[in-house]
Amino acid sequence: VGEAELRVNVYERFWLVGFGGAGAAAATFGDLHDGDWHPAGGMGFRYLIARGFGLLVGVDVATSEDDSAIYLTVGNAWTR
């Protein structure tokens, strides 16, 4: 699995987000090099709802080879 996220502050409390990644699965660790990699990615926005806590809320639209989804987000895993 590999993934990346880019977040750009566009105005005071508003950010744009772009993300992408890919992953593979196999029966054993040694078989991973022969596995099929499956990419996914998307974009969204964030709003800083509570400065003191660094709390962000937002919406993401993501897509993969077979499906797409809309996510509502609260908080993030990368920073406080």
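Below, all heavy atoms of this structure are taken into account, side chains as well, without hydrogens, waters or symmetry copies. Residue numbers start at 1 and run along the sequence shown.
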Within-4.5 Å side-chain heavy-atom neighbours: Leu72 and Val59: yes
Path from Phe14 to Phe53 over hydrophobic side-chain contacts below 4.5 Å: yes
same_hphob_cluster(Met43, Tyr47) at 4.5 Å side-chain heavy-atom cutoff: no
Evaluation steps, side chain to side chain contact (heavy atoms under 4.5 Å, CB included), between Arg13 and Arg51: CA-CA 9 Å; Arg13 293 183 174 213; Arg51 269 188 201 168; 3.3 Å; yes
Partner of Trp15 under side-chain contact (heavy atoms from CB on, under 4.5 Å), chosen from Leu48, Val10, Val8: Leu48
Test side chain to side chain contact (heavy atoms under 4.5 Å, CB included) applied to Leu55 and Val74, step by step: CA-CA 7 Å; Leu55 183 61; Val74 178; 4.0 Å; yes
Test side-chain hydrogen bond (donor to acceptor under 3.5 Å, both in side chains) applied to Thr28 - qualifying residues, sequence neighbours left out: Asp31
Short side-chain to backbone donor-acceptor contact, Asp36 and Ala24, under 3.5 Å: no
Backbone of Gly58 reached by a side-chain donor or acceptor of Thr73 within 3.5 Å: yes
Other residues, nucleotides, ligands: >12 heavy atoms within 6.0 Å of Tyr71 OH: no
Heavy-atom neighbours of Leu16 CG exceed 12 at 6.0 Å: yes
Apart from Phe19 itself, residues in the same hydrophobic cluster as defined by side-chain heavy atoms under 4.5 Å: Val17
Close side-chain approach of Pro39 to Glu65, heavy-atom, < 4.5 Å: yes
